[in-house]
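Scope of the values below: all heavy atoms of this structure, side chains included, with no hydrogens, waters or symmetry mates.
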Amino acid sequence: MTTCAVLIFGSATWAGGNYSGGGVGTGTSTSTPHPVAENHMVLQISSTYDKIQMEDADHPLHGGSGPCFGAIEVSATKVAGHGMCLYTDTGGEVVILHWHANGRDSSGALTGNWEISSGTGKWDGATGGGQFATKTDPNSGMFVNQITSDITLP
């Protein structure tokens with residue numbers, strides 16, 4: 001039904017600086033519904049990103065893979081949840097981010113915000129984040145996550 005929004009981070013040799021832009025992440029997700037009441041549940045989510053393709057292939061978020069996990073409360077009047085993602089970029093550096101779900105858009109995609117928490121290498125001291133809108137095919141578990149980013153690498 002839904003999936004966590006996460007990003008995968010690519011690598012190369014990066015100079016510090018500001019990076020902005022959009023992209024698309026894809027992968028697979030599983031969610032376990034925990035019913036609370038009619039039209040009210042908590043979804044326990046585990047996702048694996050295969051890759052992210054940024055509009056600009058030189059953007060440091062381009063490429064990479066990793067897991068994301070968390071939980072989302074969904075009712076007729078509320079969508080709220082959060083989780084963490086842990087990614088290893090193509091250069092072997094790690095970044096941790098936090099995501100916060102806060103709604104659905106007109107297409108039914110889960111929407112929210114994300115921010116960088118910590119990391120290694122180029123991600124050590126990085127700041128910033130962005131927004132996401134993710135849709136999952138409930139039959140296959142495949143998802144597509146539209147993301148925006150505005151990050152600063154030290």
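To the nearest 0.5 Å, atom CD1 of residue Ile52 and atom OG of residue Ser149 are 7.5 Å apart. Rounded to the nearest 0.5 angstrom, Ile45 CD1 and Phe69 CZ are separated by 12.5 Å.
In this structure, Gly129 and Ile151 approach most closely via the heavy-atom pair N-CG2, 3.9 Å. Taking all atoms of both residues into account, the shortest heavy-atom contact from Leu110 to Ala101 is CD1-CB, 3.9 Å. In terms of heavy-atom proximity, Trp114 sits nearest to Thr148 at NE1-O, 3.2 Å. Closest heavy-atom contact between Asn145 and Ala133: OD1-O, 3.3 Å. Nearest heavy atom pair, residue Asp50 against residue Gly27, reads OD2-CA, 3.6 Å. In plain terms, the two heavy atoms of Asn113 and Gln131 that are nearest each other are OD1-CG, 3.2 Å.
Under the 3.5 Å distance criterion, the side-chain polar atoms of Thr28 are left unmatched by any main-chain donor or acceptor of Gly141.
Ser118 meets the side-chain contact (heavy atoms from CB on, under 4.5 Å) test with Ile96; sequence neighbours excluded. Listed by chain and number, the residues in a side-chain hydrogen bond (donor to acceptor under 3.5 Å, both in side chains) with Ser20 are Asp150 (sequence neighbours excluded). Under the side-chain contact (heavy atoms from CB on, under 4.5 Å) criterion, Ser140 pairs with Asp137, Met142, not counting sequence neighbours. Take Asn18 and apply the side-chain hydrogen bond (donor to acceptor under 3.5 Å, both in side chains) test, not counting sequence neighbours, and it matches Thr152. Annotation: side-chain hydrogen bond (donor to acceptor under 3.5 Å, both in side chains) contacts of Asp105 (sequence neighbours excluded): Ser107.
Within the 4.5 Å cutoff, no side-chain heavy atoms of Tyr19 are placed close to those of Asp56. Using a 4.5 Å heavy-atom cutoff, the side chains of Met54 and Ile147 are in contact. In this structure the side chain of Cys85 reaches within 4.5 angstrom of the side chain of Trp99, judged on heavy atoms.
Remark: of the listed residues Ile116, Leu86, Thr120, Ile116 is the sole one forming a side chain to side chain contact (heavy atoms under 4.5 Å, CB included) with Val95. Checking each of Pro33, Ser75, Ser31 against Met41 for a side chain to side chain contact (heavy atoms under 4.5 Å, CB included) leaves exactly one that passes, namely Pro33.
Within a 6.0 Å sphere centred on NE2 of His98, other residues, nucleotides and ligands contribute more than 12 heavy atoms.
The salt bridge (Lys or Arg N to Asp or Glu O under 4.0 Å) contacts involving residues 61-85 comprise Glu73-Lys78, where partners must be two or more places apart or lie in separate chains.
In this structure, Val79 is a member of the same hydrophobic cluster as Leu43, with clusters built from ILVMFWY side-chain heavy atoms closer than 4.5 Å.
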